[in-house]
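Letters go in sequence order (proteins before strands), and every chain restarts at 1.
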2 protein chains.
Amino acid sequence: MEKLENYYNQIKNSPVFFGMSDDELKGLLECFNARIRKYEKDEMIIRQGDMISNIYLILDGGVNIEKDSYWGRRIIISRLGKNDNLALSFVGSKDVESSVDAITVEDTLVLVLRYEKCTSMCQNACTRHKVLINNLFQILSKENIELIQKIENVSQKTIRDKLMTYLSNEAMKNHSNSFDIQFNRQDLADYLNVDRSAMSFELSKLQKEGLITYSKNHFELLS
Amino acid sequence: MEKLENYYNQIKNSPVFFGMSDDELKGLLECFNARIRKYEKDEMIIRQGDMISNIYLILDGGVNIEKDSYWGRRIIISRLGKNDNLALSFVGSKDVESSVDAITVEDTLVLVLRYEKCTSMCQNACTRHKVLINNLFQILSKENIELIQKIENVSQKTIRDKLMTYLSNEAMKNHSNSFDIQFNRQDLADYLNVDRSAMSFELSKLQKEGLITYSKNHFELLS
DNA sequence: ACATTTCTGTTGTTTTTACAACAAAAATAT
DNA sequence: ATATTTTTGTTGTAAAAACAACAGAAATGT
């Protein structure tokens, strides 16, 4: 069993608890009944239809937010990693069940926080709750903006445009034209909503034309 | 000039100010330096690149959240109406400029709230701010979930699937198989990211096959 | 080191879409 | 009421994507 103490510093600096004193953080972690849970690769943390009462903070590893469409096609909404959190929007909207799956893509360590428990106990009592809700508001804002960017990515009309938009956005995020992407080919295809083989073909075409170079997960935008 | 008082009840019951006493609301409106502004059809309330320091609450009318892609193609992210608000995620993320346009689709009345002004003055002082930030958190949660749904809509592979997913989701929202949609054909095409004429063709095919009926903006899902 | 599995790239064929051009219908202006 | 503009539906053609099938490369297990 992993110990909370080992991750104390990381938790303290995560966006959820950012700006809190040690005392506030300790109190809040108790109030949340915080515990660490380990998931193996390909495990489901959340399934479509679940009622969500916990917030999950990823301490280490990676998680896909996915949705299965009618005819079994997989849609990847986003890829989350260290210090990201899951399920925030579903605990924020009362009595709404999850519309997505959260699936680990590698062994993943998660801090589980009982959101309901905490809010019902001390919503109006504790001052630290105010800092928390402010943080959560900011986190959701960012998520929102990222979802809009995802919509931009998948809303391009050709595979080429989707790829170039996605890669440009990644370059911006990394402040460099040379960067690693988090997806493998199949996942990237499911994220951009295109056929993998057609996407691979387009990637090598882009490379031949000298617009990009890549090998495995490392990409570089040229010119 | 429209008077704030005329819309007092509506404002009081809007999600932003929900659950506040009259006193709290009045104080907060002052603190926000609230004023009403009228926009004509096709006016831009927000443009891509703007630094956002106001929250906008739509009192009456309709607004498209749009984005122009490289080659001038229009992407409609969402359509907002009465009691919805604009720009929340951009004031929530500090120092982030708007990645979208907000354009009125008809004459629109908006309550403008100076978010920055209020938070800097009384963030830690007033109790009403706590109710407010809680409300904002919930609103953002809902927006988040709706963005995910939009991603689901546009992530279907065929025009037919996009239409059926969109229409099914609208039917769910309206708790009925018979409902009006907010978009005209061109806007719907830009929302679903497809060619308008191809979409029109697919709509009539769906009608001929007996899956849906429609006339103008009224749709009905059959069986 | 070898066998096995997973991932990636390539190609040809079929399906779907975008695009363009136009006609009909509806809405708006005069 | 009539003219004008906007919206919607229809069709044919060209472009793009999905799909399927497979080969080579890379990663993994033993």
Across all chains, not counting sequence neighbours, the side chain to side chain donor-acceptor pair (under 3.5 Å) partners of Asn64(A) are Glu66(A), Arg79(A)
Separation of dA16(D) atom C1' from Lys157(A) atom NZ, nearest Å, is 11 Å
Rounded to whole Å, CZ of Arg185(A) lies from C1' of dA26(D) at a distance of 12 Å
Within residues 199-212 of chain A, the residues having a heavy atom closer than 4.0 Å to DNA chain D are none
Between the protein and nucleotides 4-6 of chain D, are there any N/O to N/O pairs under 3.5 Å, and if so, what are the atom names and distances?
none

Test salt bridge (charged side-chain N to carboxylate O under 4.0 Å, His left out), reference Asp190(A), set Arg74(A), Lys67(A), Arg73(A), output is Arg74(A)
Classify the side chain of Ser197(A) and the base of dA20(D) as holding, or not holding, a donor-acceptor pair under 3.5 Å.
yes
For Asp84(A), the side chain to side chain donor-acceptor pair (under 3.5 Å) test, sequence neighbours excluded, returns none
**Asked** In terms of side-chain heavy atoms, does Asn174(B) have a donor or acceptor partner in Ser176(B) at a distance below 3.5 Å?
**Response** no
So ring pair (Phe, Tyr, Trp, His ring centres under 6.0 Å) across residues 141-177 of chain B, not counting sequence neighbours, yields Tyr166(B)-Tyr191(B)
The correct set of residues in residues 186-196 of chain B placing a heavy atom under 4.0 Å from DNA chain C is Asn193(B), Val194(B), Asp195(B)
Ser141(A) meets the side chain to side chain donor-acceptor pair (under 3.5 Å) criterion, sequence neighbours left out, with none
Residues pairing under salt bridge (Lys or Arg N to Asp or Glu O under 4.0 Å) where one sits in residues 161-171 of chain A, two or more places apart or in two chains, turn out to be Glu170(A)-Lys173(A)
- Task: Take atom NZ of Lys38(B) as the centre, draw a 6.0 Å sphere, and report whether it contains more than 12 heavy atoms from other residues, nucleotides or ligands.
- Result: no
Applying the Watson-Crick and G-U criteria (both distances under 3.5 angstrom) with [ ] for crossing and | for other-strand pairs, one obtains for DNA chain D ||||||||||||||||||||||||||||||
Check the side chains of Asn184(B) and Asn217(B) for a donor-acceptor pair under 3.5 angstrom, ignoring hydrogens and angles. no
By side-chain contact (heavy atoms from CB on, under 4.5 Å), Asn85(B) pairs with (sequence neighbours left out) Val16(B), Ile55(B), Leu57(B), Leu88(B), Ile139(B), Glu143(B)
* Residues Asp187(B) and Arg196(B) bridged, charged N to O under 4.0 Å -> no
On a heavy-atom basis, the closest approach of Leu192(A) and Leu163(A) is CD1-CD2, 3.8 Å
Correct closest heavy-atom pair for Lys41(A) and Val105(A) would be CE-O, 3.3 Å
Side chains of Ser14(A) and Asn83(A): donor-acceptor distance under 3.5 Å anywhere?
no
Sorted by chain and number, sequence neighbours left out, side chain to side chain donor-acceptor pair (under 3.5 Å) with Glu209(B) holds for Arg160(B)
Chain A vs DNA chain C, heavy-atom contacts under 4.0 Å, first-to-last nucleotide span, 5' to 3', is dT8(C) to dC19(C)
